[in-house]
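Numbers restart at 1 for each chain; the letters A, B, ... are given by sequence-line order, proteins then strands.
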Amino acid sequence: MILVPIIALIIGAAIALAVKLPPVPGVYGQYLAVACLAGFDTICGGVRAGLEDKFRAEVFITGFFSNVLIAFFLAWFGDQIYINLFLAVALVLGARIFTNLSLIRRYGLTKWQDARERKKLQAQAQTQPVASAQPEPNP
Amino acid sequence: MTPFASRISKQDAWVLPVSLMCLVLGFMCCMAWVTQTTRSTRMNYLPADQKIRVNEAGVDIEAFQQMTTEVKKLHQDNTRLEQALSGHTSETQALNESLQELKLFAGMTPVVGPGVVVTLRDSPKFSGSGLDPGGTQPDSIIHDVDALKVCNELIASGAEAIAVNNHRIAGNSSLRCVGTTILVNDVKIASPVIIQAIGDPKTMIGAMNMPGGVLAEIRQTDPRMVQIEAVSSQMLPEYVGKTTRNFAKLAKESK
């Protein structure tokens with residue numbers, strides 16, 4: 001399931017290459033790069049929420065666009081008032097991406113370990129039908 | 001509903017919106033990607049230390065070395081072919097001799113001979129400022145002009161071949177400063193700058209040590225920045241830089 005967004009990411013990049021829009025030059029390219037970071041953070045958050053069964057599509061989609069715009073705006077605004085808000089945005093988003101990715105990894109790991117454990121128990125139950133005759137709560 | 005959609009359970013409801021946004025993100029990343037055309041304009045907005053990092057990461061040292069070896073090999077092949085072609089008659093041999101002589105003069109062959117080695121290094125005296133060496137004391141670092149002056153003086157005092165950090169100085173060589181590094185034949189070098197010259201060691205050392213000469217000023221800042229030694233034999237590599245011409249053509253009269 002995690003493969004579908006990755007394929008979508010590649011397709012998105014392929015579309016951009018196919019329509020041959022020139023990459024954004026100069027300082028607006030910088031702002032867009034920060035916006036990309038925000039988008040990546042939102043997507044990590046979305047995947048995490050999905051794995052936690054807390055996902056809500058409307059929150060996610062509005063969050064994606066607002067985060068992207070806020071990151072873009074903050075970077076631009078920082079340049080207007082001579083404060084390097086690029087760094088602040090990159091720091092905060094970087095930290096969040098790390099947290100989200102580590103949580104995603106943990107969910108995946110737990111799921112995998114659970115599945116393995118269950119398989120082991122099932123195998124045991126099949127080889128020892130007498131033992132499993134006793135009522136036992138399924139993990 | 002399609003059979004595929006009906007299989008999406010509540011648990012996997014996140015996949016579709018996330019994929020959709022991934023599509024947008026992929027598009028955005030592609031637009032923000034630094035390419036050849038946007039590199040120069042994007043570079044201006046980087047802080048100085050990151051600029052150096054990006055610059056150094058962009059240089060593919062392995063590819064450069066590979067290319068250099070390739071050029072050297074082609075030069076050797078060329079010489080071998082010339083020699084093979086000229087083997088038959090005395091006329092062609094004479095032609096080949098004059099050709100090899102010209103190649104030697106143009107710096108297209110490695111050369112061996114006695115000479116001097118001049119080493120210029122940044123002064124350790126003022127190197128406390130970390131990221132910005134010499135930011136407070138510009139005299140304490142070696143500039144392109146220093147290396148240029150030394151090369152000029154060496155040629156004036158009879159050097160027949162010169163190499164700076166193993167890059168041969170030939171007819172269309174250049175020494176230039178870019179940021180905190182020096183470019184020789186458009187290749188970056190770092191301090192210490194080692195200038196090897198082939199010629200009469202005594203004359204060249206005399207020229208280097210001339211009072212009020214090119215090195216006097218540097219020595220005034222810190223005598224440790226300069227080091228000169230005579231060597232009885234050293235090998236200088238051939239010139240492997242650009243040899244293509246876009247504008248110059250052979251003049252009609254000399255054909």
Can you name the nearest heavy-atom pair linking B:Met31 to A:Pro22, along with the distance?
-> CE-O, 3.5 Å
Taking every non-hydrogen atom, the tightest pair across B:Cys30 and A:Ala16 = CB-CB, 3.5 Å
Rounded to the nearest 0.5 Å, what separation is found between the CG atom of B:Leu25 and the CG atom of A:Leu37?
-> 9.5 Å
With a 4.5 Å limit on heavy-atom distance, are the side chains of B:Pro17 and A:Phe64 in contact?
-> no
With a cut-off of 6.0 Å (strictly less than), are more than 12 heavy atoms of other residues, nucleotides or ligands near OH of A:Tyr107?
-> yes
Under 4.5 Å from any heavy atom of chain B - which part of A:Tyr31 = neither
For B:Glu217, look at atom CD and say whether over 12 heavy atoms of other residues, nucleotides or ligands are found less than 6.0 Å away.
-> no
Top of B:Val18, B:Val15, B:Leu20 for chain A proximity - count of heavy-atom pairs under 4.5 angstrom | B:Val18
Grab the two heavy atoms, one from B:Ser19 and one from A:Ala8, that are nearest each other, plus how far apart they are.
-> O-CB, 3.2 Å
Side chain, backbone, both or neither: which part of A:Ala35 has a non-hydrogen atom closer than 4.5 Å to chain B?
-> both
Counting heavy atoms not belonging to A:Arg56, are there more than 12 under 6.0 Å from its CZ?
-> no
Option passing side chain to side chain contact (heavy atoms under 4.5 Å, CB included) with B:Met21 (candidates A:Thr42, A:Leu9, A:Ile61) = A:Ile61
Mind ranking A:Ala49, A:Ala33, A:Gly29 by heavy-atom pairs under 4.5 Å with chain B and telling me who comes out on top?
-> A:Gly29
If you tally heavy-atom pairs under 4.5 Å between each of A:Asp79, A:Val27, A:Val47 and chain B, the highest tally belongs to A:Val27
Supply the atom-to-atom distance B:Trp14 CH2 to A:Asp53 CG, rounded to the nearest 0.5 angstrom.
-> 11.0 Å
